[in-house]
Each structure stands twice: as C-alpha cells, then as structure tokens.
Amino acid sequence: MPDQQADRLLRSIEQNQGELSHALAKEMPVLAQPHVWSAMTEAVAKVFRDEPPMQREILDRYRPARVR
C-alpha cells in the first residue's frame, strides 16, 4: 500500500471514529467488502496497543484512543 493510501486510511479511522466513510469506500472499494474494514480497524488498534515503535512521534500522531 503506498504511503499516501496508508495515511488516508489511518486518518479516516481517526476522523470517523472507526466508521468507513462513503468517500473512502469509493476511493478504495475493497474496504467495503464484508469484514475487510473491521479487520483493518482491528489491526490498526492492535498495532498501537503493542509496544511503541522507535519513532514516538508516529505513535503520538495516530493513537487508537482517538478511535471509538
């Protein structure tokens, strides 16, 4: 996944409280397939629950605590 797609995905999860937006589903139709979005949001949440990465500023920017 190109970096800008990953950034778009992470920002959408944060801004939409974990809900798939219509705009993002239109940009990346695969996310609208059954169970794909929930798997993505669960994976993102798991990554940020585990040990912090070496670059602390990345963790601070994308905290799953902001996702509800």
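Keep in mind that what you see is a predicted model, and the values were worked out from it rather than measured.
Residue Glu14 holds its CD atom at 14.0 Å from OG1 of Thr41, rounded to the nearest 0.5 Å.
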Please list, one pair per line, the donor and acceptor atoms closer than 3.5 Å that link side chains of residues 26-37 to other protein atoms, with sequence neighbours excluded.
| unit_1 | atom_1 | unit_2 | atom_2 | d |
| --- | --- | --- | --- | --- |
| Glu27 | OE1 | Arg8 | NE | 3.3 |
| Glu27 | OE2 | Arg8 | NE | 3.2 |
| Glu27 | OE2 | Arg8 | NH2 | 3.0 |
| Trp37 | NE1 | Gly18 | O | 2.8 |

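Asn16 contributes a side-chain N or O that, together with a main-chain N or O of Ser12, makes up a donor-acceptor pair within less than 3.5 Å.
In this structure, the side chains of Leu9 and Ile13 come closer than 4.5 Å at one or more pairs of heavy atoms.
Residue pairs meeting the salt bridge (Lys or Arg N to Asp or Glu O under 4.0 Å) criterion with at least one partner in residues 35-44, sequence neighbours excluded, are absent.
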